[in-house]
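Proteins come first, then strands; the chains are lettered A, B, ... in the order of their sequence lines, and each starts at number 1.
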2 protein chains.
Amino acid sequence: MTIESRTTGRIPAAVVRRLPKYLTHAQHLRHGGIEWVSSATLADALGLTSSTVRQDLSYVEFQGISKRGYSTEGLDAAVSLTLGLDHHIRCVVVGAGNLGRALALHNEFVLHGFRIVGVFDNASGIIDKKVGRHRIQPMSELRSVIRRQKVEIGIIAVPFEAAQPAANALIEAGANGLLNMTAAHLLVPERISVVDARILASLRELAYAVKSRRT
Amino acid sequence: MTIESRTTGRIPAAVVRRLPKYLTHAQHLRHGGIEWVSSATLADALGLTSSTVRQDLSYVEFQGISKRGYSTEGLDAAVSLTLGLDHHIRCVVVGAGNLGRALALHNEFVLHGFRIVGVFDNASGIIDKKVGRHRIQPMSELRSVIRRQKVEIGIIAVPFEAAQPAANALIEAGANGLLNMTAAHLLVPERISVVDARILASLRELAYAVKSRRT
DNA sequence: TAGATTGTTAATCGATTAACAATC
DNA sequence: TAGATTGTTAATCGATTAACAATC
């Protein structure tokens, strides 16, 4: 495969899932003043093999240097660019319950370029209440906020039964990506990307793991 | 492969990750009064193929019936048992910030058998404050709570730099499974299971997906 | 019974790892 | 220079899908 096709073609799903880990670690190392990291060191820190690391990074527009490894600064920049994180990405939160409010206030998102530009709910009792600097808005305003502010991502933090309607509303309003914090499986058109946060599913996976440990 | 070895051997990771989805959907169907579901219908609802569904369910101690499909009640019971969800599972939350408090109050966990038995933090200013029915306890009490209450799972909802120390404290105190809500990669002994919630990573994956859509 | 649907084997596909020439 | 480390190809491993006999 030529360099051309490797770096411009689609990146395998398994690799895309790992790129955020490389990014986080590269930023962490940079922050600690470490300028170079080898595939072996990176692998150890992230629980991978050095082979996987080198394979993965070959999909990123960036080269390591023999005998030195990868520049943490270059790695940060290149992975950020590959993921499309070179500019702020606007998000809205749908659902202003405990979880939705916590996410709207979550500092880490802003710190890494995800800007929450609206918090929505359909419970009339909480409309206009404040969540940090946000004012809870009714779902009827979702469309105009998404259009005006060019929102790309909707975070769905509603009760189980409200998840699909919330997804429909977000899609109809123009969102292209959905972060699903519920246990519901969302049915969406092919052009829409969904990532499931799997919180309950993760606890259930852990239940299996700790059970298996016992037997 | 004999029935014996299929159902008693270790279940492939990819299958374990899907079992919670089958469980959620089976419970949803049951709740709606639907008693039978075919592999094809299940596949459509969950975005899988009927072949994957049948393969996956062959790892569960439970059989479908030709021409009718799977009993939703049987499916619920069998998957619950396989995952080890036939009894309550005790958890603690470490970190009483926005996210930790939201998770401690999250109704869905209790509803599905995960009981939060303690909320911990090391910021002296918030010790003894209430989170719903929970009182925030200092980390110094973590060990005795985990031992006394036979806690299996620790939920880590602390700032990035505090994640590894929190994991160490949980492991030292006797937890066997960790749900990591932070972006940090946790280094743990082999006997300990970690599942990453990947919230920031999921947003970054979505950033890539919506970027790729545009080009 | 005939047809629908399961359970399972075999084939395909994709992801990970091993190996090593290129190179700094 | 000699040795460490990358980038890439080929081999292995695991996950998904296709196909079909068994069965209700």
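Counting to the nearest Å, the P atom of D/dT6 and the CG atom of A/Leu75 are 11 Å from each other. Rounded to whole Å, atom C1' of C/dT23 lies 13 Å from atom CZ of A/Arg68. The separation between B/Leu46 atom CG and D/dT16 atom C1' is 16 Å, rounded to whole Å. Here D/dG14 presents its P atom at 16 Å from CD1 of B/Ile11, a figure rounded to the nearest Å. Counting to the nearest Å, the P atom of C/dT5 and the CG atom of B/Asp44 are 12 Å from each other. Going from atom NZ of A/Lys67 over to atom C1' of D/dT5 covers 10 Å, rounded to whole Å. B/Arg10 has its CZ atom 20 Å from the C1' atom of D/dC13, to the nearest Å. A straight line from OH of A/Tyr70 to P of C/dC24 spans 14 Å, rounded to a whole angstrom.
Within the shown strands, D/dT9 is the pairing partner of C/dA18 under the Watson-Crick or G-U definition, both distances less than 3.5 Å. For C/dT23, the paired nucleotide is D/dA4, the pair qualifying as Watson-Crick or G-U wobble because both relevant distances are below 3.5 Å.
Side-chain nitrogen and oxygen atoms of B/Thr52 include at least one within less than 4.0 Å of the OP1 or OP2 phosphate oxygen of D/dT17. OP1 or OP2 of D/dT6 lies within a sub-4.0 Å distance of a side-chain N or O belonging to A/Ser39. A sub-4.0 Å separation between OP1 or OP2 of C/dT8 and a side-chain N or O of B/Tyr59 is absent.
A/Leu48 has its side chain within reach of A/Arg18: a pair of non-hydrogen atoms, C-beta onward, lies under 4.5 Å apart. Side-chain atoms of B/Arg17 and A/Arg198, non-hydrogen and from C-beta on, do get closer than 4.5 Å to each other. Using a 4.5 Å cut-off on side-chain heavy atoms (C-beta onward), A/Val60 and A/Tyr22 make no contact.
Contact annotation: side chain of B/Gln63 to base of D/dT23, donor-acceptor pair absent below 3.5 Å. Between the side chain of B/Gln55 and the base of D/dT17 there is at least one donor-acceptor pair of N/O atoms closer than 3.5 Å. In the interface, the side chain of B/Ser66 is paired with the base of D/dT23 through a donor and an acceptor atom under 3.5 Å apart.
Nucleic acid contact for A/Arg17: none, since no nucleic acid atom lies under 4.0 Å from a heavy atom of the residue. Among the heavy atoms of the strands lying under 4.0 Å from A/Thr49 are primed sugar atoms or P, OP1, OP2 only; no base atom is included. Looking at heavy-atom distances under 4.0 Å, B/Ser50 makes no contact with the nucleic acid at all. Looking at heavy-atom distances under 4.0 Å, B/Ser51 makes contact with a base.
When each of D/dT8, D/dA22, C/dC24 is scored by its nearest atom to the side-chain atoms of A/Arg54, the top-ranked nucleotide is D/dT8. Taking the side chain of A/Ser58 as heavy atoms from C-beta on, and the options D/dT16, C/dT16, D/dT8, the nearest nucleotide is D/dT8.
Salt bridge status for A/Glu172 with A/Arg143: present, with a side-chain N to carboxylate O gap under 4.0 Å.
In terms of heavy-atom proximity, B/Arg213 sits nearest to A/Arg191 at CD-O, 2.9 Å.
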Between A/His88 and A/Phe114, does the ring-ring contact (aromatic ring centres under 6.0 Å, His included) criterion hold? Intermediate values first, please. CA-CA 6 Å; A/His88 281 93; A/Phe114 294 92; 9.3 Å; no
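Of the two residues contacting DNA chain C, namely B/Val37 and A/Asp56, the nearest-nucleotide position lying further toward the 5' end is that of B/Val37. If you find the closest nucleotide of DNA chain C to A/Ile65 and to A/Ala13, the one lying nearer the 5' end belongs to A/Ala13.
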